[in-house]
Amino acid sequence: MLSNNMGHCFMGRGAMIPRKLKPFLCRMLSGYKPKNDVKDSYKILELEEGCSPDDVRNSYRNLAKKYHPDSSSGMADSKAFIKVEEAYRVVLNDLAAKQKSEPGEEEEEQFKPKSLEHRHYLSFEGVGIGTPSQREKQYMQFRVDRATEQVLEYRQQRLESRYAGSDLSRAKDVRQSKKVKITQAVERLVEDLIQESMAKGDFDNLSGKGKPLQKFSDSPHIDPMTHNLNRILIDNGYQPEWILLQKEIRETIERLRKSVVASRRKLGEPMTLSEQKQWGRICEQLAEDIRKLNKRVDDFNLVVPILSRQMVHFSTNKEILRARKTYEAVVEKVSDSDTKENEGEKGKRLGWKSSLLKWLKLTPK
């Protein structure tokens, strides 16, 4: 009766019981008593008599993973796990009893019951004993020691590989020294050529000889050496790559626009069927040129140092519409000029006739 009442009390507050204690509480409250004999224990562990202790441990480990309540297996069952645990103990005791009759203390120690091995698969890699917090501290110290050993092993291997490849390092040092000697030789040769040219007087005709370099800027926050170098580059026609690309892109788009407008003026208005086909080919060629130009725009955007100077891609449709508007404006301008010329010639003709009539009227009859 007492066990039943306690069972109801615990079942009513099941959420307060830790998961790890549930199988043991169930075994205590249910009044379970191990009734397995040796043969049934072997059957529960799915083994045969005469197996080795390693087979017993492996079988128990697999069944613990399968039936333990804390495992994520879909076949987790606390009652089945309790049976497996009792069977494991019975089989180990049986093996230990059989081994007592045989000589050898080392083999006898091998068959003694050990701690539950399923704990190795719950947390902390099976390191430590005691409460979870104590095991966690022991596990952290274990990790530190293991990391220290791995660092020492790595350093040892590195030193061994370094001394093993000493011949390669020597060859590398020889090649590096040769490069340094060649560089120094080139520098000495250039310096000798400069001194020889100065002795001949090749630098006497240079403008500003013997005078200090003029400061590029009076700002104290600007490095004078850098600005002097920039001034020398600018005076000698040097231009950065992004400026040259920008100039090239602008000249290319302006040339394409002029060529499209000129091609449209040659076709005339209205266009015949053949002229429309020719205009279509012109638009296709323009689209190909615009595609190549947009690649140059991408190259420009990668090297331009100022974000606000970046360019957008050109659109083929917008360029064709722009060419049509330009063509219409040119045609309208030409037509207006032709109209004015016609009106001027007509006025001249009418003026001549009116002057002739006036002269005839004024002549005596």
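One-based numbering along the sequence shown.
Counting only heavy atoms from C-beta outward, the side chains of Leu267 and Gln276 never approach each other to under 4.5 Å. The closest side-chain heavy-atom distance from Leu286 to Leu256 is below 4.5 Å. Taking the side chain as every heavy atom from C-beta outward, Gln141 and Asp145 approach each other to under 4.5 Å. Using a 4.5 Å cut-off on side-chain heavy atoms (C-beta onward), Arg57 and Tyr88 make contact.
Here the closest heavy-atom approach between residue Thr316 and residue Cys283 is recorded as CG2-O, 4.5 Å. Shortest non-hydrogen contact noted between Asn294 and Phe314 is OD1-N, 2.9 Å.
The distance from atom CD1 of Ile253 to atom CD1 of Ile249, rounded to the nearest 0.5 Å, is 10.0 Å. Rounding to the nearest 0.5 Å gives a distance of 9.5 Å between CG of Leu47 and CG of Asn58. Put simply, NZ on Lys83 and OG on Ser41 are 12.0 Å apart, with the number rounded to the nearest 0.5 Å. A distance of 6.0 Å separates CH2 in Trp279 from CZ in Arg264, rounded to the nearest 0.5 Å. The distance from the CZ atom of Phe300 to the CD1 atom of Ile243 is 9.0 Å, given to the nearest 0.5 Å.
By the rule that hydrophobic residues join a cluster once side-chain heavy atoms approach within less than 4.5 Å of another member, Ile282 and Tyr327 end up as members of separate clusters. In this structure, Val304 is not a member of the same hydrophobic cluster as Leu244, with clusters built from ILVMFWY side-chain heavy atoms closer than 4.5 Å.
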Residue pair Lys98, Asp94: steps toward the salt bridge (charged side-chain N to carboxylate O under 4.0 Å, His left out) verdict: CA-CA 6 Å; Lys98 291 180 179 178; Asp94 180 63; 3.4 Å; yes

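Not counting sequence neighbours, the partners of Glu196 by the salt bridge (Lys or Arg N to Asp or Glu O under 4.0 Å) test are Lys200. Asp289 pairs by the salt bridge (Lys or Arg N to Asp or Glu O under 4.0 Å) definition with nothing, not counting sequence neighbours. A search for salt bridge (Lys or Arg N to Asp or Glu O under 4.0 Å) contacts involving Arg291 returns Glu288, not counting sequence neighbours. For Tyr139, the ring pair (Phe, Tyr, Trp, His ring centres under 6.0 Å) criterion is met by Phe124, not counting sequence neighbours.
Between Glu85 and Arg89 there is a salt bridge, since at least one side-chain N of the basic residue sits less than 4.0 Å from a carboxylate O of the acidic one.
Within the 3.5 Å criterion, the main-chain N or O of Asp55 finds no donor-acceptor partner in the side chain of Ser59.
Under 3.5 Å, the side chains of Gln157 and Glu153 contain no donor-acceptor pair of N or O atoms.
Under the salt bridge (Lys or Arg N to Asp or Glu O under 4.0 Å) criterion, the residue pairs touching residues 301-323 are Arg257-Glu319, with sequence neighbours excluded. Pairs engaging residues 246-255 under the salt bridge (Lys or Arg N to Asp or Glu O under 4.0 Å) rule: Glu248-Arg296 [sequence neighbours left out].
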